[in-house]
2 protein chains.
Amino acid sequence: MKNYIKDFRSTNKISQAELATLTGVTRQTINAIENNKYDPSLKLAFDLANILHTSVDELFVNNVEE
Amino acid sequence: MKNYIKDFRSTNKISQAELATLTGVTRQTINAIENNKYDPSLKLAFDLANILHTSVDELFVNNVEE
DNA sequence: TATAAGTGTAAAACATGTTTTACATTTTTG
DNA sequence: CAAAAATGTAAAACATGTTTTACACTTATA
């Protein structure tokens, strides 16, 4: 699973910490997701898309190959 | 989180068991998600959307109020 | 109406996502 | 350049998602 959080975050001029606060998770969670340590829950994916003014389908790309 | 899996499944004329096989999870998982026992992982959400010929953003709706 | 196919459900074990606490390194700015 | 802000990271505890096994109930079909 690839994501464009960093790009959208930069476009929206917002830090990992701010994005964390706005989505109600910790900064570590945002950092881990950006660095592909794991994927967010579906709910968090939607919250991230909302705050970053985009959609889940645009924010993430599902690598069909595992 | 609300989902339209049952509706899309019906449109695509496919059983819970078939959808499970196609997405690589168990029938119980599909059943639990349809009945809102829990939300799928982001990857499973994408796989479901693909198989059901729709998008994550159309298949699920994020209830902003927790 | 009998049988098969489809659906609902449950508990235990296991896998993945998130928090907490804490510190190190890098980047930005006065 | 010094200080502040931002980012990377790690381990333990906790929360949520998924499998396995198993059985009961309902709906479709011969």
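Below, chains carry the letters A, B, ... as their sequence lines are ordered, and counting in each starts from 1.
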Visitor: Would you kindly give the CE-to-C1' distance between M1(B) and dG17(C), to the nearest whole Å?
Guide: 14 Å

Visitor: Could you tell me the separation between the NZ atom of K43(A) and the P atom of dT16(D), rounded to a whole number of Å?
Guide: 12 Å

Visitor: Can you check the I5(B) CD1 to dG6(C) C1' distance for me, whole Å?
Guide: 17 Å

Visitor: Please give, in whole Å, the distance from dT27(D) P to Q16(B) CD?
Guide: 13 Å

Visitor: List in numerical order all residues of residues 33-40 of chain A for which some heavy atom is under 4.0 Å away from an atom belonging to DNA chain D.
Guide: N35(A), K37(A)

Visitor: Is it true that, when you exclude Y38(B) itself, more than 12 heavy atoms of the residues, nucleotides or ligands shown sit nearer than 6.0 Å to its OH?
Guide: yes

Visitor: So, do L44(A) and S41(A) sit near enough that their side-chain heavy atoms are less than 4.5 Å apart?
Guide: yes

Visitor: Are the charged groups of E34(B) and R9(B) less than 4.0 angstrom apart, N to O?
Guide: yes

Visitor: Can you measure D47(B) atom CG to dG17(D) atom C1' for me and round it to whole angstrom units?
Guide: 14 Å

Visitor: Determine yes or no for a side-chain-to-main-chain donor-acceptor pair under 3.5 angstrom, with N3(B) supplying the side chain and I33(B) the backbone.
Guide: yes

Visitor: Starting at CG of L42(A) and ending at P of dT18(C), how long is that distance when rounded to a whole Å?
Guide: 11 Å

Visitor: Do the side chain of D57(A) and the main chain of D57(B) share a donor and acceptor less than 3.5 angstrom apart?
Guide: yes

Visitor: Using whole Å, report how far NZ of K13(A) lies from C1' of dA6(D).
Guide: 16 Å

Visitor: For DNA chain C, determine which residues of residues 22-32 of chain B have any heavy atom closer than 4.0 angstrom to one of its atoms, and list them numerically.
Guide: R27(B), Q28(B), N31(B)

Visitor: Whole angstrom is fine here: how far is it from NZ in K6(A) over to P in dT26(C)?
Guide: 14 Å

Visitor: Is there a side-chain contact between L52(B) and I5(B) in this structure, where contact means two heavy atoms from C-beta onward sitting under 4.5 Å apart?
Guide: yes

Visitor: With respect to F46(A), which candidate in V61(B), N63(B), N62(B) satisfies the side chain to side chain contact (heavy atoms under 4.5 Å, CB included) definition?
Guide: N62(B)

Visitor: So, N12(B) side chain and I14(B) main chain: donor-acceptor pair closer than 3.5 Å or not?
Guide: no

Visitor: State, yes or no, whether a side-chain contact exists between T29(A) and T23(A) at a heavy-atom distance under 4.5 Å.
Guide: no

